[in-house]
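Residue numbers count from 1 along this sequence.
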Amino acid sequence: MAGKVMHVVQYDSYGSGAAGLKYVEVPVPTPKKDEVLLKLEATNTNPIDWKIQKGMLRPLLPTKFPFIPTIDGGGEVVEVGSNVKSFKAGDKVVAMLNALNGGGLAEYAVANESLTVPRPAEVSTAEGAGLTALQALVNPAEVKLDGIGPRKNILVTAASGGVGHYAVQLAKLGNTHVTATCGACNIDFVKSLGADEVLDYKTPEGATLKSPSGPKYDAVIHYTIGIPWSTFEPNLSSSGKVIDITPGVSAMWTFVVKKLTFSKKQLVPLVLIPKKENLELIVGLVKEGKLKTVIDSKFPLSKADDAWIRSIDGHATGKIVAEPLL
């Protein structure tokens with residue numbers, strides 16, 4: 001597609017929020033030998049995207065400007081690199097884009113073949129994007145999704161959001177007791193996902209994060225901001241972990257201090273390492289009906305700033321989806 005241009009949304013510096021997003025035209029990227037070029041049909045706008053823009057993840061994800069945000073979504077393959085064997089033009093897929101390069105808020109994007117999987121007809125384009133929740137649970141939290149293994153007590157913060165609502169469902173596939181936090185208006189929704197107990201984070205009781213039934217947490221899947229380590233620590237089991245999905249400077253400092261002092265209670269900054277087998281697992285669970293994706297809202301690419309504002313607001317129930325112009 002040499003010479004063709006596309007619409008994208010990008011920003012040129014840290015900060016500025018939705019006001020910093022710019023609508024521009026740039027050349028359609030050319031896939032490298034191990035990449036596929038996708039005509040995007042949907043991409044998910046997650047809180048991590050505006051946190052990257054704000055500079056909160058700068059130590060882990062340094063950004064090169066101009067930057068086209070969002071990294072997960074799906075669409076149709078329109079071109080393949082010379083070494084690509086698994087896909088051809090016309091295939092429907094879901095993919096993870098390179099976290100350092102982004103590229104999702106665009107009409108076209110390139111994805112590595114190794115992070116692209118076929119999309120069954122039963123799975124919508126916006127589904128199959130639960131890798132963050134999956135990695136947090138399977139790796140540092142050590143939850144086995146087949147239900148085998150010792151019972152674990154899990155806390156999921158911001159459980160009604162795009163990542164949180166996946167985390168609750170995935171955790172319940174394991175041998176777990178799940179406590180979750182959300183706003184009062186979403187308590188019934190989070191219970192419907194399988195949470196054993198739900199805390200309204202705005203109440204004095206909910207702000208303490210203490211489980212109503214008493215158990216200490218073996219792992220916390222943490223996807224919000226403004227909760228200090230001092231609130232988590234008394235609620236953790238003797239070797240409990242807080243898995244921070246969007247770690248900032250204070251989280252990194254806590255991580256270092258706990259390592260240096262050999263504390264059994266740990267804060268673990270999650271660095272997403274996408275794997276094809278995990279993406280295939282997520283797509284398979286959606287296809288089988290074991291994992292459902294809830295869509296909070298959809299915005300055309302031309303209204304990406306509204307999607308940004310909705311995400312920053314912090315009250316989305318499920319995924320916020322951007323759909324490119326057709």
Is it the case that over 12 heavy atoms from other parts of the model lie below 6.0 angstrom from the NZ atom of K191?
no
Please find the pair of heavy atoms, one from L40 and one from A109, that lie closest to each other, and give the distance.
CD1-CB, 3.8 Å
Is W50 reachable from F65 through a run of hydrophobic residues whose side-chain heavy atoms are each under 4.5 Å from the next?
yes
side-chain contact (heavy atoms from CB on, under 4.5 Å), that's the test. Do V220 and I243 meet it? Break it down for me.
CA-CA 6 Å; V220 178; I243 299 142; over 6 Å; no
Which atoms form the tightest heavy-atom contact between T43 and G104, and what is the distance?
CG2-O, 3.4 Å
Sidechain-backbone polar pair: E113 side chain, K85 backbone, donor-acceptor under 3.5 Å:
yes
Are D218 and S237 linked by a side-chain donor-acceptor pair shorter than 3.5 Å?
yes
Answer whether the closest heavy-atom distance between the side chains of V36 and V93 falls below 4.5 Å.
no
Do K276 and V117 come within less than 4.5 Å of each other through their side chains, counting heavy atoms only?
yes
Does a side chain donor of either T317 or S160 reach within less than 3.5 Å of an acceptor in the other side chain?
no
Closest heavy-atom pair, T231 versus N235, reported as atoms and distance to 0.1 Å, is O-ND2, 2.9 Å
The side-chain contact (heavy atoms from CB on, under 4.5 Å) partners of V78 (sequence neighbours excluded) come to M1, L37, K39, Y108
Looking only at heavy atoms, which two atoms of T176 and A171 are closest? And how far apart?
OG1-O, 2.7 Å
Give the ring-plane orientation class for Y11 versus F67, where under 30° counts as parallel, over 60° as perpendicular and anything between as tilted.
tilted
Hey, does Q135 have a side-chain heavy atom less than 4.5 Å from the side chain of I273?
yes
same_hphob_cluster(L170, L270) at 4.5 Å side-chain heavy-atom cutoff
yes
Taking side chain as C-beta onward, heavy atoms only, is H165 less than 4.5 Å from K292?
no
Is there a salt bridge (charged side-chain N to carboxylate O under 4.0 Å, His left out) between R119 and E41 once you walk through the steps?
CA-CA 12 Å; R119 176 174 67 82; E41 297 170 357; 3.8 Å; yes
Hydrophobic cluster identity match, V321 and L21, side-chain contacts under 4.5 Å:
no
According to the salt bridge (Lys or Arg N to Asp or Glu O under 4.0 Å) rule, which pairs have a member within residues 223-236, sequence neighbours left out?
E233-K258
T246 and L57, any side-chain heavy atoms less than 4.5 Å apart:
yes
Carboxylate-amine/guanidinium contact R310 D296, below 4.0 Å
yes
Is a donor from one side chain sitting under 3.5 angstrom from an acceptor on the other, for T254 and W229?
no
Cluster question for you: counting only ILVMFWY and a side-chain heavy-atom cut-off of under 4.5 Å, with indirect links fine, are V24 and V110 together?
yes
Apply side-chain contact (heavy atoms from CB on, under 4.5 Å) to Y201 and list each qualifying residue two or more places apart in sequence or on a separate chain.
T181, H315
Do D34 and N83 have side-chain atoms, one donor and one acceptor, less than 3.5 Å apart?
no
Before you tell me yes or no, could you show the steps for L291 and I282 under side-chain contact (heavy atoms from CB on, under 4.5 Å), namely the whole-Å CA-CA distance, both residues' side-chain angles and the distance that decides it to 0.1 Å?
CA-CA 8 Å; L291 181 66; I282 290 291; 4.0 Å; yes
Y223 six-ring face occupied by K51 cation (under 6.0 Å, within 45°)
yes
Without swapping roles, check the side chain of S311 against the backbone of A307 for a donor-acceptor pair under 3.5 Å.
no
State, with a plain yes or no, whether a side-chain heavy atom of H222 is found less than 4.5 Å away from one of I227.
yes
Quick one, M96 and I71 - any side-chain contact, counting heavy atoms below 4.5 Å?
yes
Tell me the closest heavy-atom pair linking W308 and Q53, and the distance in Å.
NE1-OE1, 2.9 Å
Short question: side chain of N46, backbone of I48 - any donor-acceptor pair under 3.5 Å?
no
Ring pair (Phe, Tyr, Trp, His ring centres under 6.0 Å) against F255, all qualifying residues, sequence neighbours excluded
none
Let me check something: do L100 and M56 share a hydrophobic cluster, defined by ILVMFWY side-chain heavy atoms less than 4.5 Å apart, either directly or through other members?
yes
Would you be so kind as to tabulate the donor-acceptor pairs closer than 3.5 Å made by side chains of residues 204-214, with sequence neighbours excluded?
from: T208; atom 1: OG1; to: E205; atom 2: O; distance (Å): 2.6
from: T208; atom 1: OG1; to: K210; atom 2: N; distance (Å): 3.3
from: S211; atom 1: OG; to: E197; atom 2: OE2; distance (Å): 2.3
from: S211; atom 1: OG; to: S213; atom 2: N; distance (Å): 3.3
from: S211; atom 1: OG; to: S213; atom 2: OG; distance (Å): 3.2
from: S211; atom 1: OG; to: G214; atom 2: N; distance (Å): 3.4
from: S213; atom 1: OG; to: E197; atom 2: OE1; distance (Å): 3.1
from: S213; atom 1: OG; to: E197; atom 2: OE2; distance (Å): 3.3

Considering all heavy atoms of both residues, which atom of Y23 and which atom of A304 are nearest to each other, and what is their separation?
OH-N, 3.1 Å
What pairs meet the salt bridge (Lys or Arg N to Asp or Glu O under 4.0 Å) rule with one or both residues in residues 161-186, with sequence neighbours excluded?
K172-D196
Dump the intermediate steps for ring-ring contact (aromatic ring centres under 6.0 Å, His included) on F232 and Y217, then the final yes or no.
CA-CA 9 Å; F232 288 119; Y217 305 121; 8.9 Å; no
Does a side-chain heavy-atom distance below 4.5 Å link V294 with F189?
yes
